[in-house]
Amino acid sequence: MPIEKLETVDAFIVFDLANAPESVGIVRSARKILPGGASDLARSMTYAFATFEMRRSGASAGINAVDEDRADAVAKFTAEIAPMVASGRFLPEPGTRVPRSALDALAEADPRSSVGEVADQAAVAGVVAAAASAAGGLDGRTVAIEGSGSICDALTIAVQDRGGTIVDMDGQADVLFAGSRMGVVNHTVAEGLEVGTLVPYGPIPVTAKALAVLSRSDTTVVPDFISTAGPLFAWWPTGDPAPEAIAADAAAKITASLEEIADHPDGLFLAAAQRAESFLATWQTELPFGRPLAS
C-alpha cells in the first residue's frame with residue numbers, strides 16, 4: 001500500500017491500489033495521524049468500489065498539525081494536492097478536523113459529478129436502505145443511534161419517516177446505527193450489546209474481535225463498505241442527476257447488493273468481502289492484504 005509524503009506540509013496520502021485511475025478517501029488532521037488507521041480507511045473504500053464493480057481505489061490522507069497551526073497546514077495541503085485532484089489521482093473527502101469547507105478550494109478541480117449535500121443525501125439513503133434490508137424493514141422497529149451530528153439527525157428523521165422508533169443506546173434495540181469513529185464497537189462494547197442488526201453509517205466502526213462476538217450472538221452486521229456506499233452514486237451517477245433520483249438509485253443498489261448475499265451461510269461480511277475480492281481479481285494481479293475491519 002503506497003504512502004506518499006507531501007513536500008510543503010507534514011502530511012501523507014495512503015493509496016490502497018497503486019495502479020488505480022482514481023482514488024477517493026477521507027482527510028483527517030490531528031497532532032499525529034498514524035498511517036495504519038489511514039490504511040484501514042482506504043481499504044474500506046476500495047471494497048466499496050469493488051462491491052459495485054467500479055475500478056477505483058480507496059485512499060486516505062493525514063495532516064499532522066496542532067490546533068493553532070491546523071488552518072495553515074490544511075491550506076498548504078489543499079494547494080499541494082490540487083493537481084492530484086484535477087487528474088482524479090486523489091479525490092478528498094472531509095474527515096476528523098477537516099470539514100467540507102476546508103476543501104472548498106478544490107471543488108472546481110474535482111472531476112466528480114457531485115460532492116457535498118447531494119452525496120450526503122445519498123449516504124443517508126444508503127444507510128437506511130441497508131438497515132431496512134438487513135432488518136426486514138424499519139416499520140415498528142426500535143432503533144438506537146451511536147454518536148451525534150448531522151448524519152445522526154438525518155438518520156433519526158429517516159427512521160421515523162419509515163415508522164421506526166428511536167431508543168436509547170443503553171437498552172435493547174432491533175437496529176443499531178454506529179459509525180462515530182473507527183473501532184467504536186470493540187469486543188468489550190459488542191459483549192454488552194443487545195441488538196438484532198448493526199448498520200454502520202461511518203467507515204469501519206466494528207473491530208475484527210467485535211465481529212466475532214456479534215456473530216456468536218446472532219447479531220447481523222452489515223458491512224460498512226456496503227451501507228456507507230451511497231455517495232458513490234452521487235459522485236458518478238449513471239442515470240437521472242436529480243438529488244432525489246440519485247438517493248433512490250443508491251438505496252436500490254445497496255438493497256440489491258445485500259439481498260444478493262442475504263442467505264449466505266458464512267454471513268454478510270464474509271460473503272460481501274469475497275464478492276468484492278472476486279471483482280478486484282479481474283483487474284488487480286495481487287489482492288490487497290487484509291479486509292476492512294478496525295484493529
More than 12 heavy atoms from other groups under 6.0 Å of CD on E108: no
V199 and T197: side-chain contact (heavy atoms from CB on, under 4.5 Å), yes or no, with the steps? CA-CA 6 Å; V199 185; T197 303; 3.8 Å; yes
When hydrophobic residues are tied together by side-chain contacts of less than 4.5 Å, even through go-betweens, does L176 share a cluster with V213? no
L214 side, atom CG; E191 side, atom CD - distance, nearest 0.5 Å: 9.5 Å
Is any side-chain heavy atom of V128 closer than 4.5 Å to a side-chain heavy atom of R162? yes
If every non-hydrogen atom of A281 is compared with every non-hydrogen atom of L287, which pair is closest and at what distance? N-CD2, 3.8 Å
With a 4.5 Å cut-off on side-chain heavy atoms, are V127 and L155 touching? yes
List the atom of T255, the atom of A129, and the distance in Å for their closest heavy-atom pair. OG1-CB, 3.6 Å
Could you tell me the separation between the CG atom of L106 and the CE atom of M84, rounded to the nearest 0.5 Å? 11.0 Å
Are the side chains of L103 and T78 in contact, using a 4.5 Å heavy-atom criterion? yes
Side-chain heavy-atom pair W283, L280 within 4.5 angstrom cut-off: yes
Rounded distance (nearest 0.5 Å) linking atom CG of D104 with atom CG of D110: 11.5 Å
Which residues pass the side chain to side chain donor-acceptor pair (under 3.5 Å) test with D174, sequence neighbours left out? T142
For S133 and A130, indicate whether the former's side chain and the latter's backbone hold a donor-acceptor pair under 3.5 Å. no
Quick one, V195 and V175 - any side-chain contact, counting heavy atoms below 4.5 Å? no
What one should report as the nearest heavy-atom pair of Y47 and A276 is CD2-CB, 3.7 Å
Please state whether the rings of F49 and W235 are parallel, tilted or perpendicular, taking 30° and 60° as the class boundaries. tilted
Trace of the side-chain contact (heavy atoms from CB on, under 4.5 Å) decision for T165 with V143: CA-CA 6 Å; T165 301; V143 179; over 6 Å; no
For the pair H264 and L270, evaluate side-chain contact (heavy atoms from CB on, under 4.5 Å) and give the outcome as yes or no after the intermediate values. CA-CA 9 Å; H264 196 285; L270 187 57; 5.7 Å; no
From CD1 (I226) to CG (L268), nearest 0.5 Å: 7.0 Å
Check whether any side-chain heavy atom of Q274 lies under 4.5 Å from a side-chain heavy atom of I261, and answer yes or no. no
Across all chains, not counting sequence neighbours, the side chain to side chain contact (heavy atoms under 4.5 Å, CB included) partners of T156 are I145, Q160, I166
So D120 and I151, side-chain contact (heavy atoms from CB on, under 4.5 Å) or not? Walk me through it. CA-CA 8 Å; D120 292 344; I151 189 169; over 6 Å; no
All N/O donor-acceptor pairs, side-chain side in residues 11-40, below 3.5 Å, sequence neighbours left out:
residue : atom : partner : partner atom : Å
D16     : OD1  : R43     : NE           : 3.1
D16     : OD1  : R43     : NH2          : 2.7
D16     : OD2  : R43     : NE           : 2.8
D16     : OD2  : T46     : OG1          : 2.6
N19     : OD1  : Q284    : NE2          : 2.9
E22     : OE1  : R56     : NE           : 2.6
E22     : OE1  : R56     : NH2          : 3.3
S29     : OG   : I63     : O            : 2.9
S29     : OG   : R70     : NE           : 2.7
S39     : OG   : P35     : O            : 2.9

d(D10 CG, K5 NZ) to nearest 0.5 Å is 8.0 Å
Under the ring pair (Phe, Tyr, Trp, His ring centres under 6.0 Å) rule, collect the residues that match up with F52, sequence neighbours excluded. F233
Any chain of hydrophobic side-chain contacts (each under 4.5 Å) joining V124 to L258? yes
Salt-bridge contact E93-R112 (side-chain N to carboxylate O under 4.0 Å): yes
Sequence-distant partners of K253, salt bridge (charged side-chain N to carboxylate O under 4.0 Å, His left out), two or more places apart: D249
Check the side chains of R275 and S257 for a donor-acceptor pair under 3.5 angstrom, ignoring hydrogens and angles. yes
Examine F225 and F177 and state if one hydrophobic cluster contains both, with Ile, Leu, Val, Met, Phe, Trp and Tyr joined whenever side-chain heavy atoms are less than 4.5 Å apart. yes
Can you name the closest pair of heavy atoms from A73 and A65 and give their distance? CB-CB, 3.8 Å
Is there a chain of hydrophobic side chains (I, L, V, M, F, W, Y, each step under 4.5 Å between heavy atoms) that links L41 to I3? no
Output yes when a side-chain donor or acceptor of D168 lies under 3.5 Å from a complementary backbone atom of D170, and no otherwise. no
Should L198 and L193 count as side-chain neighbours, where that means a heavy-atom distance under 4.5 Å? yes
Mind checking whether P94 and P99 have side chains closer than 4.5 Å, heavy atoms only? no
What's the shortest heavy-atom distance between P223 and P200, and which atoms? C-CG, 4.5 Å
Minimum heavy-atom separation for N186 to V189, with atom names? OD1-N, 2.8 Å
Would you check if there is a donor-acceptor pair between the side chains of S44 and D224 at a distance under 3.5 Å? yes
Whether the side chain of Y201 engages the backbone of S227 through a donor-acceptor N/O pair (distance < 3.5 Å, no angle test) should be reported. no
Donor-acceptor under 3.5 Å (R89 side chain, V85 main chain): no
So, using salt bridge (charged side-chain N to carboxylate O under 4.0 Å, His left out) as the criterion, who are the partners of E277 when residues are at least two apart? R291
Residue D161 excluded, over 12 heavy atoms near CG under 6.0 Å: yes
Using the rule that Ile, Leu, Val, Met, Phe, Trp and Tyr join whenever any side-chain heavy atoms are under 4.5 Å apart, tell me whether V115 and V98 fall into a single cluster. yes
Answer yes or no: is there a donor N or O on one side and an acceptor on the other, between the side chain of E80 and the main chain of E7, under 3.5 Å? yes
How long is the gap from CH2 on W236 to CD1 on I246, to the nearest 0.5 Å? 12.5 Å
